[in-house]
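As the structure lists them, so they are numbered: ligands from 1, and atoms in each ligand from 1.
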Amino acid sequence: MEVFSSLAQDHHEQVVFCSDRVSGLRSIIAIHDTTLGPAIGGVRMFPYESEAKALEDVLRLSRAMTYKSAAAGINLGGGQGVIIGDPERDKNELILRAFGKCVNGLNGRYITAEDVGTTVEDMEIVRYETKWVTGLSEAMGGGGDPGPVSAIGVKHGLRACVEEVLGKKSLKGVSVVIQGLGNVGMYLAQVLHQDGCKLFVADIVSSKAEKAREDFKAEIVSPDEVYEVKADVFSPCALGGIINDDTVEKLKVKIVAGAANNQLAEEKHGEILQKRNIFYAPDFVIGAGGLINVVNELEGHKPERALKKAQGIYDLMKRVIEISESEKLPTSAAANLLAENRILQVKRFKQRHA
Ligand code: NAD
């Protein structure tokens with residue numbers, strides 16, 4: 001595992017490996033960029049098949065958080081934590097406390113929150129060891145599960161995409177395939193159903209798909225068929241890397257718009273989508289609602305403020321479309337440019353006023 005060359009590739013500032021003999025914690029925290037402020041990003045617990053895979057994931061996710069924060073106009077940088085282990089089997093108070101101690105050692109350079117495999121309740125345990133944690137329950141003065149606000153953000157981003165691609169002002173009658181019915185996907189199914197969308201859903205947990213069928217009249221498709229459904233929109237709300245060499249040619253939709261982080265396996269897949277005339281809503285733009293919710297908590301949680309900002313993802317998506325058209329870039333590259341320009345401008349401003 002070439003650690004320093006991995007860090008150099010995307011200019012990561014710092015990577016911390018944490019180990020605790022008592023709890024068995026094996027964790028990595030990556031700080032990608034702190035130009036805009038301390039690095040914020042969730043902690044993912046996942047049974048990575050190797051330490052190299054865990055490092056690869058934490059580097060990709062922390063970089064994505066820098067871009068998400070920058071594009072959404074948030075005054076924070078990008079970071080991420082991963083814990084190597086199966087959340088169902090290995091998660092316990094000691095592991096979470098040990099992770100909290102590790103976060104605390106960074107003295108505010110990294111602020112953690114929940115992610116795949118960790119929950120609001122887990123963050124309350126992390127809080128025993130550090131104040132540098134957000135995404136706490138409402139009972140503890142936090143903003144609760146960020147999933148619903150993420151889903152609201154996706155809905156408003158999708159409105160801008162539908163307007164652009166289908167020329168429709170409303171989501172009524174738009175057909176959407178949702179991949180993954182977890183904290184974001186299930187709530188997205190609910191709000192899109194309320195807006196009159198026709199839904200197709202897939203989840204590896206069949207009871208979740210059954211629930212969406214009963215509650216939102218969704219049609220169930222198998223996880224393998226999900227890429228080939230003929231519909232207006234494909235909404236990835238499960239895993240990263242799902243737009244790849246195997247899937248990109250299968251898609252029969254006009255729009256890809258969902259919350260999952262790092263949907264494109266590689267940048268080239270954004271270009272392939274554009275060539276295939278499939279509109280791609282950059283994941284770190286449309287999926288910023290969860291980040292907005294946890295950042296709102298740091299400023300004293302006001303649910304209406306978080307919702308208003310998540311609704312603003314409609315305008316953000318419009319801005320990305322403008323840049324994509326004026327610079328003749330795929331939307332993925334246009335969103336990168338939006339984020340990078342903001343970071344560069346703030347960097348120059350800080351240098352001038354140092
Ligand atoms: P989650 O773990 O609650 O839900 C993921 C769902 O996907 C689960 O129901 C799981 O069974 C299902 N799934 C896994 N593999 C699948 C497959 N191959 N096919 C179909 N379904 C599959 O996670 P979440 O919090 O809902 O987040 C979903 C995605 O969105 C993640 O990539 C996450 O990083 C990203 N995201 C989440 C938030 C948030 O606020 N929770 C915010 C921004 C981005």
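Residues satisfying the disulfide bond (SG atoms under 2.5 Å apart) criterion with Cys237, sequence neighbours excluded, are absent altogether. In this view, Glu340 and Tyr67 satisfy the side chain to side chain donor-acceptor pair (under 3.5 Å) rule, not counting sequence neighbours. Under the rule for a side chain to side chain donor-acceptor pair (under 3.5 Å), the partners of Arg319 that lie at least two apart in sequence or sit in another chain are Glu322.
Considering CD1 of Ile272 and CD of Glu267, their distance stands at 11.5 Å, rounded to 0.5 Å.
Within 4.0 Å of ligand 1, protein heavy atoms come from Arg44, Lys68, Asp115, Val116, Pro146, Gly147, Ser150, Gln179, Gly180, Leu181, Gly182, Asn183, Val184, Ala202, Asp203, Ile204, Val205, Lys208, Pro223, Cys237, Ala238, Leu239, Ala259, Ala260, Asn261, Gly287, Gly290.
Under the 3.5 Å distance criterion, with hydrogens and angles disregarded, no donor-acceptor pair is assigned to the side chains of Asn104 and Lys131.
Between Gln190 and Phe216, some side-chain heavy-atom pair lies under the 4.5 Å cut-off.
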